[in-house]
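Please read the structure below before turning to the comments.
The first residue in the sequence is number 1, and the count goes up from there.
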Amino acid sequence: MDIQVGDTLTMKKAHPCGSSRWQVLRIGADFRLRCLGCGREVMGPRGKFERSIRQVSRDRA
């Protein structure tokens, strides 16, 4: 899956704040993501996050 820093991910399940959109801050063996609803940052294994991605959006020109 082609994910880059700065992409916006829409996940299958919503965060407890109600938002399901996340911004990618770091990629590698682990992902670091920021919730676009509340600003919470989480870090976890790449495989777990890749399985729960519904859509990848690039907001760059």
Cys35 and Cys38: which non-hydrogen atoms are nearest, and at how many Å? SG-N, 3.6 Å
In Å and rounded to the nearest 0.5 Å, what is the CD1 to CD distance from Ile3 to Glu50? 5.0 Å
Does Arg40 have any salt bridge (Lys or Arg N to Asp or Glu O under 4.0 Å) partners at least two apart in sequence or in another chain, and if so, which? none
Roughly how far apart are Ile27 CD1 and Leu33 CG, rounded to 0.5 Å? 11.0 Å
For the residue pair Phe31 and Arg46, what are the closest heavy atoms and their distance? CE2-NH1, 3.6 Å
Minimum heavy-atom separation for Arg58 and Asp2, please, with both atom names. NH2-O, 2.7 Å
Exercise answer: donor-acceptor pairs, residues 9-18 side-chain atoms, under 3.5 Å, sequence neighbours excluded:
from: Lys12; atom 1: NZ; to: Arg51; atom 2: O; distance (Å): 3.3

Is Leu36 linked to Val5 within one hydrophobic cluster, defined over Ile, Leu, Val, Met, Phe, Trp and Tyr using a side-chain heavy-atom separation of less than 4.5 Å? no
Nearest 0.5 Å please: distance from the OG atom of Ser20 over to the CD1 atom of Ile53. 12.5 Å
Show every side-chain hydrogen bond (donor to acceptor under 3.5 Å, both in side chains) that has at least one partner inside residues 22-37, sequence neighbours left out. Arg32-Glu41, Arg34-Glu41
